[in-house]
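Structure first, commentary second.
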Amino acid sequence: MHADESGQGTIELALVLPALLVALVGSVQLALVQHAGSVVHTATAEGARLAAAEGHTLLEGAERTRAVLQAGLGQAGSGFSVRAEDRGGAVALEASGRYRLFIPWVRELHVALESRSEVLREGLRGGP
């Protein structure tokens with residue numbers, strides 16, 4: 001046996017580095033998907049609140065949802081579909097779409113994201 005251990009650290013690094021890189025890329029991707037889900041939820045809540053406010057329409061609520069999606073997700077936000085629905089005393093907004101993952105060397109990998117928010121309409125109500 002040789003007492004020379006030169007190169008041992010390099011070989012150990014070469015064995016461990018791929019696992020560390022996969023863990024790092026996976027962690028970053030998970031954080032980005034969580035962020036995208038949060039943006040989609042916030043967009044539907046904001047749009048539903050605006051559409052339910054007195055003097056505003058479903059179209060304005062849907063446009064607000066699209067604007068928040070675009071601001072939070074950039075170009076990826078334009079691929080989401082937005083539906084607004086009047087449910088009598090409430091307004092419901094729904095956004096759904098596919099969020100593209102950025103994993104290197106893997107193309108066309110997506111995660112489906114959707115959110116639905118329902119808000120009661122504002123308005124003056126009669127007395128007790």
Side-chain angles (χ1 to χ4, degrees):
M1 300 276 310
H2 295 285
D4 185 18
E5 294 182 4
S6 64
Q8 180 180 350
T10 304
I11 292 175
E12 289 174 355
L13 179 65
L15 292 173
V16 173
L17 191 61
L20 288 175
L21 288 176
V22 167
L24 177 66
V25 169
S27 298
V28 170
Q29 185 63 71
L30 181 63
L32 288 173
V33 169
Q34 288 290 84
H35 168 71
S38 177
V39 168
V40 173
H41 177 71
T42 300
T44 58
E46 284 287 316
R49 263 188 237 124
L50 180 65
E54 199 168 342
H56 292 280
T57 65
L58 290 176
L59 182 61
E60 290 173 319
E63 288 302 317
R64 175 68 178 154
T65 300
R66 286 186 188 92
V68 173
L69 285 169
Q70 191 83 22
L73 299 177
Q75 189 65 22
S78 62
F80 279 74
S81 65
V82 176
R83 276 188 331 132
E85 183 180 353
D86 187 352
R87 309 188 111 222
V91 170
L93 248 103
E94 185 176 301
S96 61
R98 294 169 20 131
Y99 181 72
R100 185 172 177 267
L101 302 180
F102 84 95
I103 298 173
W105 310 290
V106 179
R107 294 179 183 248
E108 301 306 317
L109 191 58
H110 296 84
V111 172
L113 296 174
E114 64 180 52
S115 178
R116 179 181 173 87
S117 294
E118 191 168 328
V119 176
L120 295 175
R121 281 202 177 272
E122 288 183 4
L124 297 175
R125 293 180 174 78

Is there a donor-acceptor pair under 3.5 Å between the side chain of Glu114 and the backbone N or O of Glu94?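 No; zero donor-acceptor contacts below 3.5 Å.
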Ser27 side chain to Ala23 main-chain N or O, any donor-acceptor pair under 3.5 Å?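 It does hold such a pair.
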Evaluate whether atom NE2 of His56 has more than 12 neighbouring non-hydrogen atoms of other residues, nucleotides or ligands under 6.0 angstrom away.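 Atom NE2 in His56 is crowded, with more than 12 foreign heavy atoms closer than 6.0 Å.
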Check this for me: Arg98, atom CZ, are more than 12 non-hydrogen atoms of other residues, nucleotides or ligands nearer than 6.0 Å?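 Not buried by this count: 12 neighbours or fewer within 6.0 Å.
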Co-membership, hydrophobic cluster, residues Leu109 and Val25, 4.5 Å side-chain: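 Yes, Leu109 connects to Val25 through the hydrophobic network.
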Under 4.5 Å between side-chain heavy atoms, hopping through other hydrophobics if needed: is there a path connecting Tyr99 to Val40?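 As far as the 4.5 Å side-chain criterion goes, Val40 and Tyr99 are connected within one cluster.
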Could I get the full list of salt bridge (charged side-chain N to carboxylate O under 4.0 Å, His left out) partners for Glu63, not counting sequence neighbours?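 Applying salt bridge (charged side-chain N to carboxylate O under 4.0 Å, His left out) to Glu63 gives Arg66.
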Starting at OG1 of Thr10, measure out to CG of Leu17 and round the result to the nearest 0.5 Å.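 The OG1 atom of Thr10 sits 11.5 Å away from the CG atom of Leu17.
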Could you grab the distance from atom OG1 of Thr44 to atom CZ of Arg49, nearest 0.5 Å is fine?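 Result: 9.0 Å between the selected atoms.
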Closest heavy-atom contact between [X] and [Y]?
{"X": "Glu118", "Y": "Ala90", "value": "OE2-CB, 3.8 Å"}
{"X": "His35", "Y": "Gly72", "value": "NE2-O, 3.5 Å"}
{"X": "Leu120", "Y": "Ala52", "value": "O-CB, 3.5 Å"}
{"X": "Ala45", "Y": "Ser117", "value": "N-OG, 3.3 Å"}
{"X": "Ala51", "Y": "Arg121", "value": "O-NH1, 3.3 Å"}
{"X": "Leu13", "Y": "Pro18", "value": "O-CD, 4.5 Å"}

Sole residue of Leu50, Val82, Thr42 in side chain to side chain contact (heavy atoms under 4.5 Å, CB included) with Thr65: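 The passing option is Val82.
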Any side-chain donor-acceptor pair under 3.5 Å between Ser81 and Ser96?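 On atom types as modelled, these side chains qualify, holding a pair under 3.5 Å.
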The criterion is side chain to side chain donor-acceptor pair (under 3.5 Å); which residues satisfy it with Thr57, sequence neighbours excluded?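 Listed in chain order: nothing, the list is empty.
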Min side-chain heavy-atom separation Arg116-Glu85 under 4.5 Å: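 Answer yes - side chains close enough.
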Can you find a heavy atom in the side chain of Phe80 that is under 4.5 Å from one in the side chain of Leu73?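 They are in contact (side-chain heavy atoms under 4.5 Å apart), so the answer is yes.
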So, using side chain to side chain contact (heavy atoms under 4.5 Å, CB included) as the criterion, who are the partners of Val111 when residues are at least two apart?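 Expected list: Val33, Leu101, Leu113.
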